[in-house]
Amino acid sequence: MTMQYWLVKSEPEAYAWSDLLGDRKTDWTGVRNYQARIHLNAMRKGDRVLFYESVTTKAVVGVAEVTKTAFPDKTADEPGWVAVELKPIAPLSRPVTLTQIKAEPALAGIPLLRQSRLSVMPLEPAAFKRIVALGG
DNA sequence: GCCAACGTTGGC
DNA sequence: GCCAACGTTGGC
């Protein structure tokens, strides 16, 4: 399968991009939403993942990579929830803010804008590349 | 199966 | 701090 593109959200107070840089890799645990879980299960090794910091930062701040496909989330009380492993590839030179994303006609349809509460979402290759370009 | 109540997320 | 959006829960 060709490479797929994703975006994950995190409140930086809970887990920031800087934490991922410090950890070198992390288990992306804590997802408790069925739609987000479908996306986690669809991730493949090598897929690219934009890291969006919500609430305080409100910007895409880095690019990560899927290093392990879905496995049981040890932090879950009930079976069925899954995590993946992510590692950082590179920060964006300039964070791409939510304001910038909203201002881009080519990005008008992305789930980040349409489904504000979804924490794991797919991105079309063009949308992913556009955001990375804005951050370069 | 419907829907009101409630809890959480996340932008402003 | 407020509130809109929206997912979940539980009574009927």
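So that the names make sense, note that chain A is the first sequence line, chain B the second, and so on, each numbered from 1.
- Residue A:E13 contributes atom CD, which lies 12 Å from atom P of B:dG11 at whole-angstrom precision.
- Rounded to whole Å, atom P of C:dA5 lies 17 Å from atom CG of A:L118.
- Listed pair A:Y52 / B:dG11 meets the phosphate criterion, a side-chain N or O lying under 4.0 Å from OP1 or OP2.
- Under the 3.5 Å distance criterion, the side-chain polar atoms of A:Q100 are matched with a main-chain donor or acceptor of A:T97.
- Taking side-chain N and O atoms only, A:K58 has no distance below 4.0 Å to OP1 or OP2 of B:dG10.
- Aromatic ring orientation, A:Y15 versus A:W28: perpendicular (interplanar angle above 60°, classes split at 30° and 60°).
- A donor-acceptor pair is defined here as one N or O able to donate and one able to accept, closer than 3.5 Å; such a pair exists between the side chain of A:D73 and the backbone of A:G30.
- Whole-Å rounding puts the A:K9 NZ to C:dA5 P distance at 15 Å.
- Side chain to side chain, A:S119 and A:R32 fail the donor-acceptor criterion of an N or O pair below 3.5 Å.
- Between the CZ atom of A:R114 and the P atom of B:dG11 there is a distance of 16 Å, given to the nearest Å.
- The CG-C1' distance, from A:L7 to B:dT9, rounds to 15 Å in whole Å.
- A cation-pi arrangement is not found for A:R48 relative to A:W6, the charged atom failing to lie both closer than 6.0 Å to the ring centre and inside a 45° cone about the ring normal.
- Of the residues in residues 94-102 of chain A, A:L98, A:K102 come within less than 4.0 Å of DNA chain B through at least one heavy atom, sorted by number.
- In this structure, A:R114 places its CZ atom where more than 12 heavy-atom neighbours from other residues, nucleotides or ligands lie under 6.0 Å away.
- Taking atom OH of A:Y34 as the reference point, atom P of B:dT9 lies 15 Å away to the nearest angstrom.
- At least one donor-acceptor pair under 3.5 Å links the side chain of A:N33 to the backbone N or O of A:A36.
- Of all nucleotides listed (B:dC12, B:dG10, C:dG7), C:dG7 comes nearest to the side chain of A:N33.
- Rounded to an integer number of Å, the gap from A:E53 CD to B:dT9 P is 17 Å.
- Look at CD on A:E11: it is 9 Å from P on B:dG11, rounded to the nearest Å.
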